[in-house]
Amino acid sequence: MNLHHAVEITLTRPATHAELAHAARTLPLAANHDATRLMAVVHAKTPGRALHRVRRRLRETLPADVITTHYPDSSGHVLLNITLSPAADAAIRRAATSAGQTPRLFVELALHRALAQRAKEEDELLDGAMQRLLATTTPTQLMAATARALTSTPGAPPC
């Protein structure tokens, strides 16, 4: 069964009007304000095939860097299709071989580790900021300030 898949395309540089017009003849596209990110809806059996189809259609027309599924799948994953330089590809293949993994699994696990590390660092930064705030204010004052910040309208005068 074929489905439609929303695909996001990140370009290595802004596309020119002529490049976008040329690419749109192959694949209908919607561009963001500075033409560095594009959206497309692609007809394919699987999300992976949709990404491959977009990469193949845009190969000669746009400098596509990263192509992703726009919506997570049922497992909460977003698929990536990344163009690597020959040197990067060779380095990943060597590292994957020495780890006894396929290049795909090696990259997937490395991304998971990097994202987990980033989340841990963000949590530690937030925890540290909270401790500094609590050192100079009461929990009640902090909760009231948090409520004001969460319920205020940006740009509106304070209540």
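Throughout, residue positions are numbered sequentially from 1 according to the sequence presented.
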Inset, instruction - For the residue pair Leu11 and Leu38, establish whether any side-chain heavy-atom pair is separated by less than 4.5 Å. - result: yes
Side-chain donor/acceptor pairs under 3.5 Å, residues 76-84, sequence neighbours excluded:
from: Asn81; atom 1: OD1; to: Arg55; atom 2: NE; distance (Å): 2.7
from: Asn81; atom 1: OD1; to: Arg55; atom 2: NH2; distance (Å): 2.9
from: Thr83; atom 1: OG1; to: Arg55; atom 2: NH1; distance (Å): 2.6
from: Thr83; atom 1: OG1; to: Arg55; atom 2: NH2; distance (Å): 3.3

Legend entry - Test item: Met130 and Leu142 side chains (from C-beta on) under 4.5 Å apart, heavy atoms: yes
Inset, instruction - Kindly check if the number of other-residue, nucleotide or ligand heavy atoms within 6.0 Å of CZ (Arg56) is above 12? - result: yes
Legend entry - Pairwise distance CG(Leu29) to CZ(Arg57) - rounded to 0.5 angstrom: 10.0 Å
Inset, instruction - Mind checking the OG1-CZ spacing from Thr26 to Arg59? Nearest 0.5 Å is all I need. - result: 12.5 Å
Legend entry - CE-CZ distance between Met143 and Arg148, expressed to the nearest 0.5 angstrom: 11.5 Å
Legend entry - Value rounded to 0.5 Å, distance of CD in Glu124 from NZ in Lys120: 5.0 Å
Inset, instruction - Side-chain contact test, heavy atoms from C-beta onward, threshold under 4.5 Å: evaluate it for Val7 versus Thr68 and give yes or no. - result: no
With a cut-off of 3.5 Å and sequence neighbours excluded, list every side-chain donor-acceptor pair involving residues 100-114.
from: Thr102; atom 1: OG1; to: Leu105; atom 2: N; distance (Å): 3.1

Inset, instruction - List the atom of Ala40, the atom of Pro28, and the distance in Å for their closest heavy-atom pair. - result: CB-O, 3.7 Å
Inset, instruction - For side-chain contact (heavy atoms from CB on, under 4.5 Å), just list the numbers for Thr36 and Thr10, CA-CA rounded to whole Å, side-chain angles, deciding distance to a tenth of an Å, and then say yes or no. - result: CA-CA 6 Å; Thr36 57; Thr10 304; 6.0 Å; no
Legend entry - Nearest-0.5 Å distance, CG of residue Leu58 to CD1 of residue Ile67: 6.0 Å
Legend entry - Exam field: side chain His5 to backbone His43, donor-acceptor pair closer than 3.5 Å: no
Legend entry - same_hphob_cluster(Val66, Ile92) at 4.5 Å side-chain heavy-atom cutoff: yes
Legend entry - Glu19 side, atom CD; Leu62 side, atom CG - distance, nearest 0.5 Å: 6.0 Å
Inset, instruction - For residues Leu134 and Pro139, determine if any side-chain heavy atom of one lies less than 4.5 Å from a side-chain heavy atom of the other. - result: yes
Legend entry - Flag side-chain contact, heavy atom, 4.5 Å: His17 against Leu20: no
